[in-house]
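Below is one structure, written out as structure tokens; the observations come after it.
In what follows, residues are counted from 1 in the order of the sequence shown. Remember, it's a predicted structure, so these values are computed and weren't measured experimentally. The analysis underlying the following values was restricted to heavy atoms, covering all of them including side chains, and did not include hydrogens, waters or symmetry mates.
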Amino acid sequence: MSESTANTKAKGPSLEAAVIAVICVAVLLAGWYILSQRQQGLRRSPAGLDGLQVWLVKNGASAQNFAGGWLMDQTSVGLLVVPLYDTLPETDRSTPGTKEELLQQQDEYDLETAVIAAKAERVPTLLVLPKWRSGMRLTGLAHPALKVEANRLQTIVDKITGTRGTKIGASDRPFTDFRYRSQTGETLRAEIYAAQTFANESCRPIVGDTDAMLLADCPLADPEDDTAEQERILVLSDPDLINNHGLRLGENAGIALDVLTEKAGTRNIVIDYSRYSWLRDPVSEPRRERTWDDLLRFFGSPFRALWLGAALLLGLALWRGLIRYGPIRDEEAGPGNGKDLAVLARARLMRLSGQDGALVREYATARISATASALFGPAHARHYAGEDAFLTFTERRHPALAPRLRAILADIRKLPARLPATEAIQHIDQLEQVLEQITHDA
């Protein structure tokens, strides 16, 4: 009863709470992993731009993919390529409920036009309009039936450029050729499957002509600035010119390399998949007084040895705490103290009445319970506190000591109620010797 009473004390954070915390962390990590894997799948798909980054680097250009997470010095960015996989930028994407809805889905993830405009105001930007639904990415089939709705693209271009009357066109031929003159004067041919073009009076064509522009230089909408020096933005109506699907067609790869390196110059080309603006102006925006390097100094030498020692000490404490399954019990206070006093009083009465044999039997029972508590901790002591269970454990772990312990306990059970003190002490000594060997060998 004393074990049960003592275990009712508060033990601090329980194992259940620790398990719940671990599960919550695991769920968050799993969610982050799933979202990151989804974007990785999109970037590696036929509609993605990972191939463009590899192609640019292979040909000596400075290019990188960027998904956000840290501030980027905008003075190092020569051209920001922003692929748009959202046909309704101001509306949250709805989750498809069936496989058919998933294949017909037009939006891969949410992105706001205000974020695109904020990026274009800071650095030269190329906006890549969407063309294919999710079905093209999932099936690998570029069928005209899987193209997005043209009226949605018209709204996007009008809002980004601050103009009206944008018209999205679709070629009636399977493959359409577009002529482009490179920086060296060489004429290159772009080949586009099911070409998607646009027309806008305010845009200047780079690839294509005025009525059917594939790539154009357009004004950037700025309602607060009516000056003549208006910001510009590049708009690519058909992503197949630079995506993984289209780079292998015609001379698309050469045109993409020439256009992007011309606009970026010697600075970095960043393919930006992030949903927010992470650009920072080192001149107008103050530099932070503290950086991560200031914190990392405390993990270097000579502090590294202290952190290592603290980690080892923490690991040892956690290991010992898990074995005990609970904090150390207070032996001097608490509910168990009254039970101990009652046991001492009972023992004294039995001694005064000459009941040494009965006292030895009670003592043997208490010592087995105490040994089980020392070996297995308070959480499991109750299971092994019984004589039969403890003998079973001894036979399994200490087969050489089990017969002797069984014989000693059998002799103690046969003792008469009245027994000389010397004989009682002899039985107690034998029991203590065996229990001590079991405890130390465990």
Side-chain angles (χ1 to χ4, degrees), residues 42-43 47-49 52-53 56 63 65-68 72 74 77-90 106-132 147-164 166-169 190 192 195-208 212-222 230-243 246 252 255-256 259-260 262-264 268-279:
L42 175 61
R43 289 162 52 174
L49 301 183
L52 175 64
Q53 188 267 340
L56 293 174
N65 293 321
F66 181 71
M72 179 183 298
Q74 68 184 48
V77 179
L79 181 65
L80 196 70
V81 181
V82 181
L84 185 61
Y85 297 101
D86 187 2
T87 59
L88 296 174
E90 313 307 329
Q106 302 189 64
D107 304 328
E108 295 283 2
Y109 63 81
D110 295 325
L111 185 64
E112 296 183 1
T113 53
V115 175
I116 301 173
K119 296 176 180 180
E121 289 175 357
R122 289 174 172 264
V123 296
T125 300
L126 167 61
L127 176 63
V128 183
L129 295 179
K131 177 181 178 180
W132 300 106
K147 295 177 64 175
V148 298
E149 298 177 11
N151 59 339
R152 296 189 178 189
L153 303 182
Q154 294 173 178
T155 303
I156 294 174
V157 176
D158 284 344
K159 190 164 187 178
I160 288 292
T161 60
T163 61
R164 293 183 180 181
T166 300
K167 296 180 180 179
I168 301 297
I192 305 296
Q196 175 178 276
T197 60
F198 78 105
N200 188 303
E201 295 180 355
S202 301
C203 298
R204 300 192 297 265
I206 298 177
V207 179
M213 293 182 288
L214 193 68
L215 174 64
D217 184 340
C218 300
L220 179 65
D222 189 356
Q230 192 173 16
E231 299 288 344
R232 310 289 295 183
I233 184 173
L234 300 178
V235 178
L236 177 61
S237 63
D238 197 315
D240 287 351
L241 179 66
I242 62 173
N243 63 15
N252 296 357
I255 295 175
V259 171
L260 298 185
E262 178 188 5
K263 300 299 180 181
N268 199 21
I269 300 172
V270 179
I271 303 174
D272 186 8
Y273 295 94
S274 65
R275 298 174 58 185
Y276 307 100
S277 177
W278 296 91
L279 299 170

Inset, instruction - Please report the shortest heavy-atom distance between Gln196 and Leu214, naming the atom on each side. - result: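 Minimum heavy-atom contact is O-CD1, 3.9 Å.
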Please list, chain by chain and in numerical order, all residues satisfying salt bridge (charged side-chain N to carboxylate O under 4.0 Å, His left out) with [X], sequence neighbours excluded.
X: Asp110; result: none
X: Glu90; result: Lys159
X: Arg275; result: none
X: Lys147; result: none

Counting C-beta onward and ignoring hydrogens, is there a side-chain heavy-atom pair between [X] and [Y] closer than 4.5 Å?
X: Leu111; Y: Val82; answer: yes
X: Met72; Y: Ser274; answer: no
X: Leu79; Y: Pro124; answer: yes
X: Pro219; Y: Glu231; answer: no
X: Ile168; Y: Ser237; answer: no

Gap separating the [atom1] atom of [X] from the [atom2] atom of [Y], nearest 0.5 angstrom:
X: Lys131; Y: Leu236; atom1: NZ; atom2: CG; answer: 10.0 Å
X: Cys203; Y: Ile233; atom1: SG; atom2: CD1; answer: 10.0 Å
X: Ile116; Y: Ile160; atom1: CD1; atom2: CD1; answer: 4.5 Å
X: Asp238; Y: Phe198; atom1: CG; atom2: CZ; answer: 11.5 Å
X: Leu215; Y: Ile255; atom1: CG; atom2: CD1; answer: 10.0 Å
X: Tyr276; Y: Glu112; atom1: OH; atom2: CD; answer: 8.0 Å

Run the side-chain contact (heavy atoms from CB on, under 4.5 Å) test against [X] and tell me which residues pass, sequence neighbours left out.
X: Thr155; value: none
X: Asn65; value: Arg43, Asp50, Gln53, Ile271, Tyr273
X: Pro130; value: Leu84, Thr87, Leu153
X: Glu149; value: Gln106, Arg133, Asn151, Arg152

Could I get the full list of side chain to side chain donor-acceptor pair (under 3.5 Å) partners for [X], not counting sequence neighbours?
X: Thr197; answer: none
X: Asn243; answer: Asp240
X: Asp86; answer: none
X: Thr163; answer: Thr161, Asn200

Inset, instruction - Before giving the answer on side-chain contact (heavy atoms from CB on, under 4.5 Å), spell out for Ile269 and Leu52 the whole-Å C-alpha distance, their side-chain angles and the decisive distance to 0.1 Å. - result: CA-CA 11 Å; Ile269 300 172; Leu52 175 64; over 6 Å; no
Inset, instruction - Evaluate side-chain contact (heavy atoms from CB on, under 4.5 Å) for Ile206 paired with Glu262, printing each intermediate quantity in order. - result: CA-CA 12 Å; Ile206 298 177; Glu262 178 188 5; over 6 Å; no
Inset, instruction - Using side-chain contact (heavy atoms from CB on, under 4.5 Å) as the criterion, point out the one residue from Thr125, Val81, Leu234 that pairs with Lys263. - result: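 Output: one option passes, namely Leu234.
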Legend entry - Evaluation steps, side-chain contact (heavy atoms from CB on, under 4.5 Å), between Leu260 and Leu126: CA-CA 9 Å; Leu260 298 185; Leu126 167 61; 3.8 Å; yes
